There are 2 protein chains.
Amino acid sequence: MRGSETGASKRVTYRHGDLRRALLDAGTELARGGGPEAVVLREATRRAGVAPSAAYRHFADRRALLDAVCSAAQSALAVAIEAELAGLPCKEDPAGRARARLRAVGTGYLRFAGAEPGLFRTAFSASDNLRSAASPARAGGGGLTPFQLLTATLDELVEAGVLPRERRPNAEFLAWSAVHGLAMLLIDGPLRGLDKTQAQHVGQRLLDMVEQGL
Amino acid sequence: MRGSETGASKRVTYRHGDLRRALLDAGTELARGGGPEAVVLREATRRAGVAPSAAYRHFADRRALLDAVCSAAQSALAVAIEAELAGLPCKEDPAGRARARLRAVGTGYLRFAGAEPGLFRTAFSASDNLRSAASPARAGGGGLTPFQLLTATLDELVEAGVLPRERRPNAEFLAWSAVHGLAMLLIDGPLRGLDKTQAQHVGQRLLDMVEQGL
DNA sequence: GTGTGATCGTGAACACCGTACACATAAGCG
DNA sequence: CGCTTATGTGTACGGTGTTCACGATCACAC
């Protein structure tokens with residue numbers, strides 16, 4: 001127990017409890033504010049109240065910390081998409097329901113990108129990436145990846161007879177590309193600065209395009 | 001006086017001819033190899049054979065150098081797209097021609113992204129961005145921007161009667177988003193590592209989607 | 001209890017980066 | 001020639017990632 005904290009000023013700690021988590025949280029906060037390049041190891045340790053070298057007990061290097069933050073950001077994106085899906089009114093018609101779900105995935109994606117541009121950008125800055133975003137097993141505890149949510153929704157579309165089976169292969173890449181591209185152009189690409197209502201309008205039209213052209 | 005260097009090795013230069021250009025070239029080479037974060041001021045000066053502080057006579061800061069490199073990268077992208085357009089067989093049918101041109105813009109974009117991932121990424125890392133990519137006047141000498149090539153092609157589609165006029169507004173954003181998104185996912189996103197033929201196949205299907213869903 | 005080894009944070013280094021400043025050199029022009 | 005101006009040098013400062021020897025603390029055996 002460390003009840004011996006006599007409230008002075010700078011007692012040496014030496015037992016942080018969970019420094020790894022503290023660094024991850026600090027890094028996530030940095031990423032939220034300035035994207036992947038803002039997650040600076042020294043600043044994270046500073047916020048955790050710890051010497052810079054202490055980070056190396058928990059992360060091999062800056063890149064490892066960034067990867068962890070990236071994984072957390074992906075989880076946050078997945079949660080946002082799931083929330084969008086959960087807020088959907090239940091429809092009987094399976095075709096309409098599947099269509100609505102695909103749209104919800106898209107709008108959830110875009111909404112998250114707009115609300116948390118820093119986290120969104122870090123979510124796609126992993127060094128491994130293909131595995132971490134698209135593979136079944138994700139590091140962060142338990143949930144589905146954004147990519148998996150998309151593929152599941154596309155499968156629903158096929159089962160509901162909306163999307164012909166022969167067009168199913170690679171469909172996730174097409175839908176993902178369109179939505180991801182718009183998100184990128186809006187938050188740090190040439191379309192940055194578009195006012196929100198117009199951006200939303202373009203988003204809806206993009207989802208129309210995907211739905212129709214898939 | 002440092003004329004007393006007996007011709008050994010390192011005569012001081014003091015007149016470089018065109019240091020600005022040398023730095024820009026060095027920076028472009030760095031960007032080609034490692035994207036925007038690889039254009040390091042000190043390394044550029046090193047390659048130009050000059051002291052680090054010399055760069056500040058020609059660029060306000062690292063960001064300014066990066067912006068210049070970014071502009072050059074955009075020009076390179078535009079040239080690649082124009083080359084793709086120029087390689088097109090001339091068709092009589094204006095509708096088919098317009099469609100082919102739109103496709104060419106897309107494939108040129110994707111091809112460049114695949115061939116020069118570093119330059120491609122730096123092309124979209126300007127600090128101003130909306131202006132530099134989408135506005136009529138570009139810094140680099142004279143040519144059209146990639147964005148302008150796209151809008152021109154879409155206008156052709158409208159004139160040829162392929163694209164209904166009421167769907168024209170924002171169409172450049174939709175097409176651009178789809179293609180840009182795929183490019184991003186392929187080069188440093190989760191789809192990196194897809195083998196080339198499959199990537200090309202997905203690219204074609206994406207362009208189908210755009211053509212149909214626009 | 002009391003060692004004893006493993007765990008975890010410290011402190012001082014190193015190399016690298018961007019940037020600022022005073023100074024040296026060269027070129028142009030009266 | 002001497003003046004001004006443009007351009008490159010040298011040195012320095014603060015910030016960064018990373019390493020390494022060291023020290024504090026815990027956990028467990030005895």
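In the text below, chain A, chain B and the rest are named by the order of the sequence lines, each starting its count at 1. Owing to the predicted nature of the structure, the values given are computational and were not obtained by experimental measurement.
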Nearest-Å distance for atom pair CG/P, residues B:Leu66 and C:dG18: 11 Å
Short side-chain N/O contact from B:His58 to OP1 or OP2 of D:dG8, under 4.0 Å: yes
Whole-Å gap separating P (D:dT25) and CG (A:Leu19): 16 Å
Contact pattern, 5' to 3', of nucleotides 14-22 of chain D - B, S or - by protein heavy atom under 4.0 Å: --BBBBB-B
Heavy-atom check, side chain of A:Ile187 versus side chain of A:Arg121, under 4.5 Å: yes
Pairwise distance CG(A:Leu157) to CZ(A:Arg97) - rounded to 0.5 angstrom: 11.0 Å
Test: A:Glu156 and A:Arg101 ion pair at under 4.0 Å: yes
Distance, rounded to the nearest Å, where B:Arg20 contributes CZ and D:dG8 contributes P: 12 Å
Residue pair B:His58 / B:Leu24, side-chain heavy-atom distance below 4.5 Å: no
Reference residue A:Arg103; test side-chain contact (heavy atoms from CB on, under 4.5 Å); the match among A:Leu88, A:Val210, A:Asp208: A:Asp208
Whether B:Tyr109 and B:Phe120 hold their rings parallel, tilted or perpendicular, with breakpoints at 30° and 60°: perpendicular
Student check: side-chain heavy atoms of B:Pro190 and A:Trp176 closer than 4.5 Å: yes
Bracket notation of DNA chain D in which parentheses pair within the strand, [ ] cross earlier pairs, and | pairs with another strand (Watson-Crick or G-U, under 3.5 Å): ||||||||||||||||||||||||||||||
A:Asp25: side chain to side chain donor-acceptor pair (under 3.5 Å) partners, not counting sequence neighbours: A:Arg21
